[in-house]
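Just so we're on the same page: letters track the sequence lines, and every chain starts at 1. Since the structure is predicted, the reported quantities are computational estimates derived from the model, not experimental observations.
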Amino acid sequence: MGRSIVKNDNKNSHKSLMSFIQDSNKADSDKKKEGNLSSKINIRDNKESTSTKGAFLNTNKKPANKSKGVSFEEKGSSYVHLAPENLSSSYLIDVKYDGKKEKAYVKLFNPEQGKVFRWYDTTNHLPYLLTTVSKAEVEKKLANEKEFIGCEVIKKYSLLNEKELTLTKVIATNPLAIGGRDNSYREKISPSFEANIRYHLNYIYDNGLVPGLFYEVKNNKLQRVEPKIPNEVKDNLLDIFKGQSHEVLQLVEQYLPIFFAPIPKISRCSVDIEVESEKNKIPDPHAALQKVISIGLTNEERETTVFVLNEEKKQIDQSKISVKVKEFDDEKELLLAVFDEMSKYPIVITFNGDGFDFLYLDNRAKKLEIDEKMNPFVRTRFQNVFLSHSIHLDLYRFFRQPAIRIYAFGGVYDRITLDELGKTILGKEKLKHEKDIWDLDLEELIEYNGRDSEITFELTSFNNDQVINLIVMLSRITKMPIDDFTRASISIWIQNWMYFEHRFRNYLIPRREDILQLKGGTSTEAIIKGKKYQGAIVIDPQVGVWWDVHVMDFASLYPSIIKTRNLSYETLNCNHIECKKNKIPETSHWICEKHVGISSMLIGFIRDIRVYWFKDRAKDPSLSEEERKLSDVIQSSLKVLLNASYGVFGSDNFALYCPPVAESTAALAREAISKTKKYSEEKLGLQVLYGDTDSIFIHKPTPENIEELEKWSMETFQIELGTDYVFRYCGLSDRKKNYFGITTEGYPIVKGLMGRKKNTPILAKRPFEKSLEILTDVQTPEELEETKKKIIRITQAVNQKISKRNFELEDLAISVTLSKKIEQYDSWTQPLQAAVQLMLAFPDGEKPTVGSLISFIKTKPFKIQAQSIKLSDQISQSKECSVKPIQLAEKSDVDIPKVKELLKSTLIQLLDTIGISWVESIEGQKSLDSWFS
DNA sequence: GGACGTCGGGG
DNA sequence: GTGTACGACGTCC
C-alpha cells in the first residue's frame, strides 16, 4: 500500500541476469527466433508461417464429408447468420468446431448490424498430430484410414530437449480421427505430440487468434483489425521494459492490443426460469416433466420482462408488480417468445443455466415438439448445452472458481448462490417467499422471477461492467473463448495461455510424462505429512504486545522468484554441466544459466506490467474514473493468474506439471525470508518479531533502516520489499498465524483468530468484536491497561450470562458448510450428526448435500436411530450425538460447560496476546481490582 | 493421551 | 482438480 517502487533499480539489476543469459545464449536464441515469432501477430501475416499446411492440399485428396464418427452436429437454426464475403470490424466472441461441416468457425459480433455472424474457416485448416515416426512409416500405417489425409515434414524447437526436431505432421479430416476414440491415430502412432489439444483451441493457436479482439472479413478471409494505440502508451511501456531481452520486448508488442484495445459494450441479457414444482423437490432438468411457468429476462437498459404462463387468464394486478409482463396461455408460445427475444443478444447470462435453466428449456422444447430450427440450444457430445447463435455466460461457473472468488473478489462471498452473491456484491437479495413456487400468486411469481433475473444481470454490470471486463480481459490473455474460459478452472487457463505461447514461437508443446521423466521429482521433505515438498517458513512469534511494528513484505514473492531466478520446466535441472553450480538451496536442483525459461519470461512479464503499469494506474487520481476502473480490472485479472502461477507447477493435473519448479520456488522464498531476517537482526540490529511466507514484522525500525532494507532487497533479490502496514501496536500470541494489530491509520488487522471465523457462534463473536473495537482506540500503553480491565469485565459478563442460560439459541449456533455428500462422510462428525437429524425430522425436505449450510448447537450426548438414512459403511451402527440442528434444539438441550469452553477458546487467543490470563482474571476468585492493584 | 482426520481461514 | 503451513476440534484406540 502506497509503496514506492524503485523501477530503475529493478530493471538494472534484472538486466544483469538477463543480459548474461542472453549473451551466453545468443547463437541459440537467434536460431529459435527464425520461426514465426515476429509475424504471427496478425493473421494476415500468417500465410508464410502456416504455408506448410496448404502445400499438401494442392496435391492430395480434399477433405470430404465422410466421417460418421462425429458425435455432435450443429443443426441448421433460424437464429444463425453466416458471415458475408466482407464484414466490417466485429468482435471475436467465440471459436468452435462444427462436426457436420468438419470445419472450425468463429462467432463475430458485428456492432453495426447488432448481429452475431458465423465465419467458417476458409484456410482449409485441419486437425493433426505430430510424431517422430517417419513420414513413410506413418503413411504405410494409416494407408487404409478413410479420414487420413496425408503427412508433412515440419520442424519445431523442443525446449525440453534443447534442439530443433524434425517431425511428421499427421493430418486428418476431423479431430476424432486424431484423438478421442479408442482407435484414434494418437493410439496408433507412438510417440505422438500435441494430439490431446481440443481442435478449436489448436485452431486458435495456429492462427494466433485472440478472443475478445476485433476482426473483419475481407474476401472471405478473417483478419485482425488493429486497435489504435497511442504511440505515447507504447513508448512508455517499452521504456519500462528497457534493457530486458529481445523476447520480452516482443512480448510487450504482442500484448499491447490485448491490454489496450477497448472493451466494447456488447449487448446482453440475463435469463432465469421458474418451473412448476412439487413441494421441496427440485424439478429434474433432464426429464423436464413440469411446465415452465415463468421466464424473466433483463436487458442492458435494465428493463426486466417476465414472460408468464397464465392459462386461466387471471387478472394481474399491475399495482403489485414493478416489471414488464407478457402473458401467455400456452407454454409453447411462451418458450418461442423467449427464444426469439434471446436471439437478439450476443451474450445471454444465466445463473446455473448449464446445470438447470438451459438444460431444462432445451429438453422442454423437445418435449413440446418445438421446431428444431426455432430451438436456440445445441448439445455437445458431452451433453453440455450451448447457444447456437451467441454465447452463454453461466455466472455460477465463473463465480465458483476459487481463484476468482479469492483474488478478484477478496473472498467476500462464501457460498455460490444467487442470494449470497447478490447480497455480498450488490447489496441486493432475492425476494423471500413462504410458499412454494407452485402456490405463489401470479404477481408474487412475477416479482420473484423478475428479481432473480435482475440480480443475475447486475452481477455482470455493477461497477462499470466489472465482471464482463474481467472475463474479456482474462479471455484475451489466456486466448480462451469466453464460453470455454468460464467453464474451465485456473490450471486450464494457464495451460491454454502457455500452449498458445509455445505454438506462437514454434516450440513443441511438451508432454507431461516427458517433463516428469526428465525433471524428476522433489527432494525436500514436507512438514505436513502427505505433501510433496517443503513449503513456506513461518517465523516463531515473539509473544506479547509490541508498539511501533513495521510489517514489510515482498511484492508477489513467488511470481517474482519465478521471474528473477529463471524458473521454468525446461530451465530446471537442465542438461548443461556448467549450470549445475547454480544450485537452489536446500534442494538437489539447479537452474539453467544459458536460456531464458518460457514460464519465467511469461510470468515475469505479467508481473512487471501489473506492478509497473496497471497497479499504479488503478489508483492514479489524475486519470478518469473509467480509466482507473479499467486498470483495476486488468491488474486484478493479472493478479488472478500470478497468484496461481506457482501452485499449478506443483499440481499433478496441470499440463506442465513440474514439481521441482514448485519446490524450488518455495525453497528460494524460504531463503529470501531467512536472509532478510538475518540481515535485519545482524546487520541492522533490529528485532524481528514474526514473519509468514513473504512478510517480516520489525520492531521500531528507523526510516533509514527501512530504506536500507528496501535497497538491500533490490540488490540481493531484485524483488521489492515494501511496507505493508505500520502497526501502532500489535499483539502476538505463541500461536503461528494468530495475531492482531492496530494500524497507524487506526484500523484493526486480525489474522487467524477464531473470533473472526465465520462459523464461530455469535455469543463468542460479540465480546470478541467488542474487545477488538476498544483495542482499536488504544493510543498508549497506559490506555491499554485500562482497556484490559474493560475486556475482562466484558468477558466475565458473558460468562455469567451463560451460567444463567441467559441467551438466545441462535447465538450459540455453529454454522458449517457441508464439504461432502452425506454418504461420503467416513466419520460421525458433528455436521453429519446434525444433517442426519434433519433428514430424520423432515423426510420430505431438501436433502443436505455438498454446499448445504448446517447450523447446530452443542448438547449433552444422546442417541438416535438412523437406520433409514444411507451412510458410509465406515460409520458404525451406534449413533451417539453431541449436537442438535438449530431447527430441532431447545434451550434446555444446551450443554453449558461446552458453551463456556467455546467462549474461552475463542477469547483466549485475543486475551493471550495482551497478557490477560483466563484462569486468573476470568475464572479466578480474585476481584478485578485486586488483580490489578 | 496420542495418532489421525477434517475443517477453515489466509495468503 | 493451483501450492504448503497452521490451529482447533473431533473421533478412535
Round to a whole Å and report the spacing from [atom1] of [X] to [atom2] of [N].
X	N	atom1	atom2	value
I908(A)	dG7(C)	CD1	P	15 Å
Q534(A)	dA5(C)	CD	P	7 Å
K898(A)	dC9(C)	NZ	C1'	11 Å
D734(A)	dG7(C)	CG	P	9 Å
I814(A)	dG8(B)	CD1	P	12 Å
K751(A)	dG7(C)	NZ	P	16 Å
I539(A)	dA5(C)	CD1	C1'	14 Å
D540(A)	dC6(C)	CG	P	9 Å

Look at all strands and tell whether [X] reaches a base, only sugar-phosphate, or nothing, counting heavy atoms closer than 4.0 Å.
X	result
T693(A)	nothing
D652(A)	nothing
A662(A)	nothing
Y657(A)	nothing
Y646(A)	base
G650(A)	sugar-phosphate
Y533(A)	sugar-phosphate

Are [X] and [N] close enough that a side-chain N or O sits under 4.0 Å from OP1 or OP2?
X	N	value
R735(A)	dA8(C)	yes
S491(A)	dT2(C)	yes
S645(A)	dT2(C)	no
Q909(A)	dA8(C)	yes
S905(A)	dC9(C)	yes

> Can you name the one residue among I404(A), L474(A), I471(A) that meets side chain to side chain contact (heavy atoms under 4.5 Å, CB included) with T486(A)?
Replying inline: I471(A)
Of the listed nucleotides ([options]), which one gets closest to any side-chain atom of [X]?
X	options	value
K531(A)	dG1(C), dT2(C), dT4(C)	dT4(C)
K737(A)	dG9(B), dC9(C), dT11(C)	dG9(B)
I490(A)	dT2(C), dC6(C), dC9(C)	dT2(C)
K858(A)	dG7(C), dT2(C), dC9(C)	dC9(C)
K736(A)	dT4(C), dC6(C), dA5(C)	dC6(C)
A403(A)	dT2(C), dG7(C), dC9(C)	dT2(C)

>> Side chains of I591(A) and S664(A), heavy atoms from C-beta outward: is any pair under 4.5 Å?
In response: no
Between [Y] and [X], is there a salt bridge with N-O shorter than 4.0 Å?
X	Y	result
K770(A)	E773(A)	yes
K765(A)	E769(A)	no
D608(A)	K563(A)	yes

>> Using the salt bridge (Lys or Arg N to Asp or Glu O under 4.0 Å) definition, which of the options R735(A), K677(A), K736(A) pairs with D540(A)?
In response: K736(A)
